[in-house]
Q: 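Have a look at this one.
Computed from a predicted structure; not experimentally measured. The chain is numbered in sequence order, starting from 1. FYI, side chains are in, hydrogens and waters are out, and symmetry mates aren't considered; it's all heavy atoms of this structure.
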Amino acid sequence: QVQLVESGGALVQAGDSLRLSCAGSGLTLSTYTVAWFRQAPGKEREFVAGISRGASITRYADFVKGRFTISRDSAKNTVYLQTNSLKPEDTAVYSCAAATFTIITTTPLSYHYWGRGTQVTVSS
């Protein structure tokens, strides 16, 4: 059974950092393109960052460039999202998703597997 499990979310203050983890089971994450999405209350789910299968090319949403970094640890079958300089507007449920294609797409419907998400709350 394929599972993606996110962890690392918390209540933090503006300017703090968090490292979110996406652990895979039943699949080898290094052979998938993995992306992080987020959804705030009353808003649509939006793409945050992605890392491609194979060459591990990365892609970021403009609003996180320079603050967030996506990476993978193949030995741990885990993808990370390092979030720095957090802002109140970063408050959302962060979910990871995996797909078998190589390109990083920002469209949620393109991804095959999803985790349940982890809550990040940033206070001002």
Side-chain angles (χ1 to χ4, degrees):
Q1 181 181 0
V2 173
Q3 274 193 316
L4 298 178
V5 179
E6 302 92 337
S7 62
L11 170 61
V12 298
Q13 293 187 333
D16 285 351
S17 300
L18 285 173
R19 188 177 77 161
L20 308 183
S21 300
C22 171
S25 61
L27 78 170
T28 302
L29 279 182
S30 61
T31 66
Y32 286 77
T33 289
V34 178
W36 284 93
F37 289 80
R38 70 185 188 185
Q39 188 166 21
K43 295 188 177 181
E44 291 189 354
R45 182 176 286 173
E46 61 183 354
F47 172 84
V48 176
I51 186 165
S52 71
R53 58 182 294 184
S56 291
I57 295 169
T58 59
R59 180 179 179 180
Y60 297 92
D62 287 343
F63 55 78
V64 301
K65 281 182 180 177
R67 298 191 299 128
F68 292 8
T69 303
I70 189 170
S71 63
R72 67 165 87 241
D73 184 334
S74 297
K76 295 183 177 180
N77 205 28
T78 299
V79 171
Y80 300 101
L81 183 69
Q82 177 67 40
T83 66
N84 298 329
S85 302
L86 284 164
K87 306 174 182 180
E89 51 263 44
D90 292 320
T91 294
V93 174
Y94 285 71
S95 301
C96 62
T100 56
F101 43 73
T102 302
I103 61 171
I104 302 169
T105 175
T106 62
T107 307
L109 289 176
S110 299
Y111 290 82
H112 309 120
Y113 303 112
W114 286 85
R116 293 187 175 184
T118 185
Q119 176 71 48
V120 172
T121 303
V122 185
S123 64
S124 57

Q: Below 30° counts as parallel, above 60° as perpendicular, anything between as tilted: where do the rings of F68 and Y94 land?
A: tilted

Q: Output yes when a side-chain donor or acceptor of R19 lies under 3.5 Å from a complementary backbone atom of G8, and no otherwise.
A: no

Q: Let's go through T58 and T69 carefully: what are the C-alpha distance in whole Å and the side-chain angles of both, what is the deciding distance for side-chain contact (heavy atoms from CB on, under 4.5 Å) to 0.1 Å, and is it a yes or a no?
A: CA-CA 9 Å; T58 59; T69 303; over 6 Å; no

Q: Mark yes or no for whether Y60, through its side chain, and I70, through its backbone, hold a donor-acceptor pair below 3.5 Å.
A: yes

Q: So D90 and R67, do their side chains get closer than 4.5 Å, heavy atoms only?
A: yes

Q: Of all heavy-atom pairs between V120 and L20, which one has the smallest distance, and what is that distance?
A: CG2-CD2, 4.0 Å

Q: Is D62 salt-bridged to K65, going by a charged N under 4.0 Å from an acidic O?
A: yes

Q: Of all heavy-atom pairs between T105 and R59, which one has the smallest distance, and what is that distance?
A: CA-NH1, 4.4 Å

Q: How many angstroms lie between CZ in R72 and OG in S30, if you round to the nearest 0.5 Å?
A: 6.0 Å

Q: Check whether F63 and L18 end up in the same hydrophobic cluster, where Ile, Leu, Val, Met, Phe, Trp and Tyr are linked by side-chain heavy atoms less than 4.5 Å apart.
A: yes

Q: Find out if a path of hydrophobic residues (ILVMFWY) with successive side-chain heavy-atom gaps under 4.5 Å connects L27 to I51.
A: yes

Q: Check for me, please, whether L86 and L11 land in the same ILVMFWY cluster - side-chain distances under 4.5 Å, paths through other members count.
A: no

Q: Looking at side-chain heavy atoms only, is the closest gap between Y111 and V34 below 4.5 Å?
A: no

Q: Check for a donor-acceptor pair, side chain of T78 on one end and backbone N or O of D73 on the other, with a separation under 3.5 Å.
A: no

Q: Once you measure the plane-to-plane angle for W114 and F37, does it fall in the parallel (<30°), tilted (30-60°) or perpendicular (>60°) bin?
A: tilted

Q: How many angstroms lie between atom CG of D16 and atom OG of S85, to the nearest 0.5 angstrom?
A: 9.5 Å

Q: What heavy-atom pair brings L29 and N77 nearest, and what distance separates the two atoms?
A: N-OD1, 2.7 Å

Q: Evaluate the side-chain proximity of T91 to Q119: yes if any heavy-atom separation is below 4.5 Å, no if none is.
A: yes

Q: Salt bridge or not between E46 and R38? Use side-chain N to carboxylate O under 4.0 Å.
A: yes

Q: Any side-chain to backbone donor/acceptor pair from S124 onto P88? Under 3.5 Å, distance only.
A: no

Q: So which atom in S95 and which in G117 form the shortest heavy-atom distance, rounded to 0.1 Å?
A: OG-CA, 3.5 Å

Q: Determine, using the 4.5 Å side-chain heavy-atom cutoff (strictly less than), whether V12 and V64 are members of one ILVMFWY cluster.
A: yes

Q: How close do W36 and S21 get, heavy atom to heavy atom, and via which atoms?
A: CH2-O, 3.5 Å

Q: Nearest heavy-atom pair of K43 and Q39: which atoms, and what distance?
A: O-NE2, 3.1 Å

Q: Please check this pair: side chain of T33 against backbone of T102, looking for a donor-acceptor N/O pair closer than 3.5 Å.
A: yes

Q: If you round to the nearest 0.5 Å, how far is OG of S74 from NZ of K76?
A: 12.0 Å

Q: Let me confirm one number: the CZ-CD distance from R116 to Q3, rounded to the nearest 0.5 Å.
A: 8.0 Å

